Amino acid sequence: MVVTVNPLATANASVDQTVCAGGTITLAGTIGGGATTSTWSAPTGAFSNVNSLTSTYTPSIASGTVNVTITTNDPAGPCLAATDVMVVT
């Protein structure tokens with residue numbers, strides 16, 4: 001019998017950040033384990049490149065918070081994709 005252990009995908013969106021209205025933040029996400037690609041998402045705002053771990057993000061709100069999420073690809077095998085959230089204030 002052969003037992004195959006697949007690595008879990010990991011994602012880290014980095015620490016929460018604060019930005020002034022109209023400002024831009026530089027993202028510094030990391031992925032690991034079985035993950036090979038990732039995508040950034042948020043309910044509002046704009047990314048310079050949703051597929052780059054070091055994308056920039058410009059919120060489109062004047063006040064409040066936005067959850068910026070990084071999601072990995074679904075790696076081969078039984079392990080699922082991973083996500084992590086950064087809160088931008």
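Keep in mind that this is a model prediction, so the values were computed, not measured.
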- Excluding sequence neighbours, so at least two apart, what forms side-chain contact (heavy atoms from CB on, under 4.5 Å) with T72?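 Testing T72 for side-chain contact (heavy atoms from CB on, under 4.5 Å), a comparison that skips the adjacent residues, returns A9, A11, I31, A35, A81, A82.
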- Co-members of the apolar cluster containing L8 [side chain, <4.5 Å]: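 L8 clusters with nothing; isolated.
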- Is the closest side-chain donor-acceptor distance between T26 and T56 under 3.5 Å?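 The answer is no; no qualifying pair exists.
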- Candidates V88, T89, T24 - the one meeting side chain to side chain contact (heavy atoms under 4.5 Å, CB included) with V19: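 Passing option: V88.
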- Message: Going by side chain to side chain contact (heavy atoms under 4.5 Å, CB included), L53 matches just one of L27, I70, N12. Which one?
- Response: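 Among L27, I70, N12, the one meeting side chain to side chain contact (heavy atoms under 4.5 Å, CB included) with L53 is I70.
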- Query: Can you check side chain to side chain donor-acceptor pair (under 3.5 Å) on T36 and N73, steps first, answer last?
  - Reply: CA-CA 7 Å; T36 56; N73 63 307; 3.2 Å; yes
Closest approach of [X] and [Y], non-hydrogen atoms and distance?
X: A28; Y: S14; value: O-CB, 3.7 Å
X: A21; Y: A62; value: CB-O, 3.8 Å
X: M86; Y: I25; value: SD-CD1, 4.1 Å
X: T44; Y: Y57; value: O-OH, 2.6 Å
X: A42; Y: V66; value: CB-CG1, 4.0 Å

- Is the side chain of W40 donor-acceptor paired with the backbone N or O of N49 at a distance under 3.5 Å, no angle test? no
- Query: Which distance, rounded to the nearest 0.5 Å, do you find between the CG of N67 and the OG of S41?
  - Reply: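 Interatomic distance, N67 CG to S41 OG, rounded to 0.5 Å: 9.5 Å.
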- Rounded to the nearest 0.5 Å, what separation is found between the OG1 atom of T37 and the CG atom of N51?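 These two atoms lie 7.5 Å from each other.
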- Task: Test side chain to side chain donor-acceptor pair (under 3.5 Å) on S48 and S55 and set out the steps.
- Result: CA-CA 6 Å; S48 60; S55 182; 3.2 Å; yes
- Message: I'd like to check P78 versus N6 (side-chain heavy atoms, cut-off strictly below 4.5 Å). Are they in contact?
- Response: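 A side-chain contact exists here, since the closest heavy-atom pair is under 4.5 Å.
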- Query: Stepwise, does the side chain to side chain contact (heavy atoms under 4.5 Å, CB included) test hold for V68 with F47?
  - Reply: CA-CA 10 Å; V68 176; F47 295 90; 3.9 Å; yes
